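Working notes for the structure below.
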Amino acid sequence: MAEYAIEMRGMVKIYPGGTVALKGVDFAVREGEIHGLLGENGAGKTTLMEILYGTRSPTEGEIFVRGRRVEIRSPRDAMALGIGMVHQHFTLIPVFTALENVVLGDEPVRSAGLLDVQAARARVEELMDQTGLHVPLDEPVENLSTGERQRIEILKMLYRNADILILDEPTAVLTPLETKELFAFLKRMKEEGKTIVFITHKLREVKAITDRVTVLRRGEVVGTVDTAEVSMEELARMMVGREVLFELEKKPREPEEPKLTVEDLWVRGEGGDYAVKGVSFEVRGGEIFGIAGVEGNGQTELVEAITGLRLPDRGRVLLAGEDVTGARPHHLYARGLGHIPEDRHRRGIILEFTVAENSILGLQRLPPFMNKWGVLQESVVRDWARKVVERFEIDTPGIDAPASALSGGNQQKLIVGREIMKDPKVVVAAQPTRGLDVAATEYIRRTLLRMRDEGRAVLLVSADLDEVLMLSDRVGVMYEGELMGVVRPEEVTLEEIGMMMGGVRLEDIKGGGAKAEAESTGG
Amino acid sequence: MRLDLRQYAKPLAESALSVLIGVAVGTLLVILAGYSPVVFFKALFGGAFRSRNAFLDTLSYMVPLTLTAISFAVAARASVFNIGAEGQMYVGALVANAIGVVALPNGVHQVVAILAAFLAGGLWGWIAGILKAKRQVNEVVSTIMLNWLAFYLVNYVATYHLYDPKAPYKTEYVRETARLPELIPRTSLTLDWVLTILIAFLMFFLVWKTSLGYEIRATGINPTAAEYGGVDPSKVISISMFLSGGAGGLAGAFLVLGRFGFITTTLTNILNWGFDGIAVSLVGRNHPIGILFSALFFALLYNGALEVQVATATGGKTGVPIELVLAVMGIIVIAVAVPGLWDMVQERLLLRRKRVEVREEAAGTVGGE
Ligand SMILES: Nc1ncnc2c1ncn2[C@@H]1O[C@H](COP(=O)(O)OP(=O)(O)OP(=O)(O)O)[C@@H](O)[C@H]1O
Ligand SMILES: [Mg+2]
């Protein structure tokens, strides 16, 4: 057997529009290893892997699979070679069931277009047992959590007998627990002899799971190293080209008057049942209020109700003292709300619009972007877009490029940049650093802290527990639509937070003392 | 936001290829029917140039074609499938006719009639818009129903109220003060041709340069993101349907105030322009500039169709039956419309995520090879 499962030599990719995404990359993955692929946003990770998977064609370069020179022109070619990929942004069909999504798709249709559903189900169930990846097979995908969707994507690849798995930022959308499960699964796959390429921005994950790492920077390989022989700091330096601080400085700050108040809010979810059940809290100027919890416990609906995207059944939302319950988004934006939405493709960005157009999404009716005749002020828009791009170091071919030409992380930077440049009084940030590289993450976190220091109110909802605890002044833990308690990060242990995330109330953990304390100082 | 000419290269090439394919298939049909394809197509494409009047007439055909196409395109930009330009046009024609017969001073008369027709057509479109926005009524169904409603409404009013006592099969002529001035004396090319071109540019301005247009496009591409962006999708849908209907209404007004001066009680002189507009818009990729060219192309074919019958009638043999001409034209139109239609169907049917993927792939492979 050849030493390398995959070898890519001299890969060059020039996108239409002239972006050179890869400048002669050599990349090799050994048989049976977990290989990390690391690099800043826009470094070319996704591009390199999409070439391997056949969804992009390289401008130059050769690919060898198990020592044999191959041409991969489509995912079908890749699949035939046993290569499967789970994309950074999922590609499932929402209205189809889990089973249909696993079975249908690139699979060539068999005899007379009919599919033996029973046989397919049996095979998928067997796969689920083998791998420990369980999903409700008959549920339409749109009703499933992100973690479950990802499992479906992985099952889909295994169903097609992939033995080289590419995972593009799989953990960006997972809760810590789900990440743990994924890692256990990946280790099992490795023991079975599968080869795995794992893209991530989280250095801790690289250390935890990979055997070797390749670091890309601006389309070039900085190096490939044995994971055991490098520290996280060294990896960060390879990636960014400079030191990266892992610790953020958070100055003590006296919070001011409440800027965002939520009173006994009841919100229904997609299915019609209550997803948020009587949640109350307030966020003061100069404070970051974090919401932690396993994803799918009502955080999404809570955020949507606060930001005008979903009508609450009961309760009130106050923005700077004004009752804005049920107000529409444009009304809220005009009153100083900024919203970084959790699902960037569904909400935050319009891929077919240019960067410039996207930079004013939500501002299109506000002066100076629109004049009194309703005409967009093109030069103002373009200046603004340039500023957003510059300040947030968005890597783009230009402000006239469609947003779809940006790497995932740069799309996120565009959204965050736009919302922060709006100069909001209250920022609702849902998963703000999802998919961002260490440097950009650091920058966004620093920016959120700066907003707090300037006296703005920040509501931070994040599945990244480290992030919530690091940034927040107070943290509310959500479980099944209710707040299990509100605590100060420095006053709880991880175990206690974990218990609350699992549905234990703070009173029951601490007998009431800590809760009273947190609420008296904070709210 | 910039007008990048390169982006038009691909649709242009596709359209040209489509015409060739259409002609090739049409050629087969013509040969099978026993006529000379050379004579046939020379007449079909060249017929419009046989005389100065024929050419000017062709240009004037552009008016209803362009306006009904714009009607379709404006709604399509908001991802609303407006099949109702036909009915919106009837209503506009009726209102223009009704106002055209009353006494008003020249100059004022045309303006009042045109504006009223715009509003009437707009209202007709808006009904379908508001039904979709507030009650999720499918616009294809509602606009088709509104087409019939408009047909019988106009038919009724024309038969019982607006009819010409001297010629009861048609409505009363609009007064001279309401007629649009001829651009070239004693031809069918009237001022509405200039207005139509202006309206096409106005649509470009509206859709690409104003906040409303921004919101229309945002809603059409990604309604959830538009909603996040402070757009009220139901408002945008009803406004775009109003504007869309307004364009249809103008088509009717210009036919009455420009070319004809009246409507027949069974609407035969204004029938079908609204449906043709859908094809014109698809060929023009729902883009106003594309629509202008595509309307010219359609107008050429219409005019050529008449000439084909004359040209193929040689030495005692009767000419090509009009059905064959229409069939060949249909083939060409379908061939030309397919890429645009394909784009639209794809956009409507494939779910967003899927669509994005495909597009990214396309961008990748086109440039990479
Ligand atoms: N469809 C496209 N058209 C043009 N340029 C593109 C396209 N897709 C990506 N690019 C550019 O190629 C470069 C590499 O992008 P890629 O998506 O591979 O980055 P990445 O390493 O995966 O980043 P991230 O961590 O943000 O996902 C970026 O500069 C990006 O702007
Ligand atoms: Mg990527």
Side-chain angles (χ1 to χ4, degrees), chain A residues 13-17 47 50-51 55-59 73-74 87 89-95 307-309 328-334 339 341 343-354 356-357 360-366 369-370 373-376 378 381-382 399-400 402 404-405, chain B residues 1-4 6-7 9-10 77 79 202 204-236 239 243 343 346-347 349-369:
Chain A
K13 173 69 188 180
I14 304 173
Y15 276 108
T47 303
E50 285 185 337
I51 289 174
T55 44
R56 297 224 182 268
S57 56
T59 312
R73 291 210 177 78
S74 72
H87 290 271
H89 305 107
F90 294 162
T91 56
L92 300 173
I93 303 177
V95 294
T307 55
L309 294 167
R328 297 205 62 95
H330 65 97
H331 185 86
L332 299 171
Y333 299 153
H339 175 198
D343 186 339
R344 58 176 168 249
H345 283 179
R346 205 168 98 79
R347 294 283 192 199
I349 212 167
I350 297 178
L351 287 167
E352 292 86 340
F353 270 22
T354 64
E357 285 172 322
I360 59 157
L361 186 61
L363 301 168
Q364 71 273 11
R365 286 205 176 267
L366 299 175
F369 301 105
M370 183 183 88
W373 304 102
V375 178
L376 284 174
E378 208 157 303
V381 173
R382 299 177 67 81
I399 59 171
D400 294 314
S404 57
Chain B
M1 254 188 258
R2 285 248 171 105
L3 195 67
D4 183 357
R6 269 173 310 179
Q7 77 194 63
K10 185 168 165 267
R77 287 286 163 190
S79 210
L202 204 66
F204 177 78
F205 185 79
L206 178 93
V207 173
W208 278 276
K209 303 287 169 188
T210 68
S211 299
L212 177 64
Y214 179 96
E215 296 191 340
I216 288 177
R217 287 181 294 130
T219 307
I221 299 171
N222 186 343
T224 48
E227 189 192 10
Y228 158 85
V231 179
D232 180 348
S234 63
K235 207 156 123 194
V236 164
I239 292 179
L243 294 172
D343 282 356
Q346 223 178 12
E347 277 176 28
L349 292 188
L350 289 182
L351 289 134
R352 228 193 93 243
R353 298 243 158 150
K354 233 11 195 187
R355 206 176 87 216
V356 168
E357 267 277 313
V358 171
R359 200 164 288 199
E360 281 176 0
E361 274 177 42
T365 41
V366 167
E369 270 144 19

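Everything numeric in this text was worked out from a predicted model, so none of it was measured. We name chains A, B, ... by the order of the sequence lines, and we start the count at 1 in each one.
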- About how many Å separate NE2 of His345(A) and OG1 of Thr224(B), when rounded to the nearest 0.5 Å? 11.5 Å
- Query: Are Glu215(B) and Arg365(A) close enough that some pair of their side-chain heavy atoms sits under 4.5 Å apart?
  - Reply: yes
- Message: Are Thr210(B) and Trp373(A) packed together at the side-chain level, in the sense that at least one heavy-atom pair is separated by less than 4.5 angstrom?
- Response: no
- Measure from the side-chain N and O atoms of Asn222(B) to the backbone N and O of Gly348(A), and report whether any donor-acceptor pair falls under 3.5 Å. no
- Message: Please classify the contact between His339(A) and chain B as side chain, backbone, both or neither, with a heavy-atom cut-off of under 4.5 Å.
- Response: both
- Do Asp232(B) and His330(A) touch side chain to side chain, with heavy atoms closer than 4.5 Å? no
- Rounded to the nearest 0.5 Å, what's the gap from CD1 on Ile350(A) to OG1 on Thr219(B)? Could you check? 8.0 Å
- Message: Less than 4.5 Å apart, side chain to side chain, heavy atoms only: is that true for Arg346(A) and Tyr228(B)?
- Response: no
- Quick one: list whatever passes ring-ring contact (aromatic ring centres under 6.0 Å, His included) with Tyr333(A), sequence neighbours left out. none
- Options Ser211(B), Gly230(B), Gly213(B), Ala218(B), ranked by heavy-atom pairs under 4.5 Å with chain A, top entry: Ser211(B)
- Which atom pair, heavy atoms only, marks the closest approach of Glu357(A) to Tyr214(B)? O-OH, 2.5 Å
- Item | Pairwise side-chain contact, Leu376(A) with Lys209(B), heavy-atom cut-off 4.5 Å (strictly under) | no
- Distance-minimising heavy-atom pair for Glu227(B) and Pro329(A): O-CG, 3.5 Å
